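Notes for the one structure printed next.
We use all heavy atoms of the structure for the numbers below, so side chains are in, but hydrogens, waters and symmetry mates are not. Just so we're clear, the structure is a prediction, and the values are computed from it rather than from any experiment.
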Amino acid sequence: MKMIKLFRNIRKKLLSEGKTNNYLKYAIGEIILVVIGILIALQINNWNQNRIENNRARKLLKNMVEDLATDTLMLNRSIANYEFQSNNCVKLLNDSLFVDTKADSIFFMLPLNQMGLLLTTQAFDKINNASLTSLLGSSELDQSISEYYITTAEYAEKQFTWEEQRTNKDEDFWLNALEMEFPQFFKVKNNPNYIQSEPERKQELLRVISSTEGRQRIRYALDRKQIMLNTMKTRKETAIDLISQIKKHLSNE
């Protein structure tokens, strides 16, 4: 307020003294000062806004590291599952290992387990929806994030769909081909006894497993489980590498 009053007094003095040219020069100078002040204020506001958005992007990147760590744990479970199923397929193709194995245990070795693609995407969704990728300051990091959460995720999802469809067809085969009572998938109190004896159930199970179609189904399942296993291992390596990239990016800022 004092500065405005000072400018007003200067203008009045120049006009009262008849110094029109000086007044015009002063007025132009005052306008320039006002414009410069506005530009500085806008620049400060933009800088402050960018600082806020950059801090938000950094926080989301830190959250993404946590999401990726969660993904890694889930991928470890998927890897263990596919390794377990692959090993079971090999055992099923080597029926000499079933001498002391009960029918129910053999049945549960059939490759009928399915797993979906589990991803923790909260941080990525927030970055993507808020269009904050341009603030990451690294095109390489932006590309790595897009590849993990979009490109390779879509490919992996297609693989899971393919695996699910084929496993469902295999399940139909085994349920229709086997003339035996199936075991309880969940333990309950007072499980009813089987009408068939243990040797009868085991003999029927091994009959279908050792059939040409049964062995082919298991071989194809083994190929699928190996493909999914490699996919999960690759995704885990990618997640770990992305964690490293993000931490390096945050430490360099």
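The backbone N or O of E83 lies less than 3.5 Å from a partner atom in the side chain of N87, making a donor-acceptor pair. Judged purely by atom type and a 3.5 angstrom limit, N168 uses its side chain to pair as donor or acceptor with the backbone of E164. For the pair D67 (side chain) and T121 (backbone), a donor-acceptor distance under 3.5 Å is absent. T70 places a side-chain N or O within 3.5 Å of a backbone atom of E66 that can act as its donor or acceptor partner.
Both tests pass for R201 against the ring of Y194: distance under 6.0 Å to the centre and angle within 45° of the axis.
Residues M109 and Q85 fail the side-chain proximity criterion, which asks for heavy atoms closer than 4.5 Å. With contacts defined as side-chain heavy-atom distances shorter than 4.5 Å, the pair K91/N88 qualifies. Counting heavy atoms from C-beta outward, L141 and L242 have side chains that approach closer than 4.5 Å. Counting heavy atoms from C-beta outward, E204 and E181 have side chains that stay 4.5 Å or more apart. In this structure the side chain of Y82 never reaches within 4.5 angstrom of the side chain of T231, judged on heavy atoms.
Linking ILVMFWY residues whenever their side-chain heavy atoms come closer than 4.5 Å, directly or via other members, leaves Y155 and M228 in distinct clusters. If you chain together hydrophobic residues whose side chains sit under 4.5 Å apart, L73 and M232 never meet in one group. M180 and I195 are members of different hydrophobic clusters when ILVMFWY side chains are connected at heavy-atom separations under 4.5 Å. Note on I227: it does not cluster hydrophobically with L222, by side-chain heavy-atom contacts below 4.5 Å among ILVMFWY residues. Both L178 and L93 sit in one connected hydrophobic cluster of ILVMFWY residues. Membership requires side-chain heavy atoms under 4.5 Å apart, directly or through other members.
Among N230, T72, T152, D71, the one residue that satisfies the side-chain hydrogen bond (donor to acceptor under 3.5 Å, both in side chains) test with R235 is T152.
In E171, the CD atom is crowded: over 12 heavy atoms of neighbouring residues, nucleotides or ligands sit closer than 6.0 Å. Summarising the local packing, CZ of F160 is surrounded by more than 12 heavy atoms from other residues, nucleotides or ligands at distances under 6.0 Å.
For Y148, the ring pair (Phe, Tyr, Trp, His ring centres under 6.0 Å) criterion is met by no residue, not counting sequence neighbours.
Between R224 and D170, at least one side-chain N (NZ, or NE/NH1/NH2) sits under 4.0 Å from a carboxylate O, which counts as a salt bridge.
Between the side chains of T167 and Q114, no donor N or O sits under 3.5 Å from an acceptor N or O.
Relative orientation of the Y149 and F124 rings is parallel, given thresholds of 30° and 60° on the angle between their planes.
One finds the CD atom of E140 at 8.0 Å from the CD atom of Q143 (value rounded to the nearest 0.5 Å).
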Item to check | Residues Q159, E163; criterion side chain to side chain donor-acceptor pair (under 3.5 Å); working and verdict | outcome: CA-CA 6 Å; Q159 284 187 307; E163 151 74 355; over 6 Å; no
Item to check | N63 and Q122: CA distance, side-chain angles, deciding distance, side-chain contact (heavy atoms from CB on, under 4.5 Å) verdict | outcome: CA-CA 8 Å; N63 291 341; Q122 286 89 337; over 6 Å; no
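Shown here for A103 and E198, the closest heavy-atom pair between the two residues is N-OE2, 2.7 Å.
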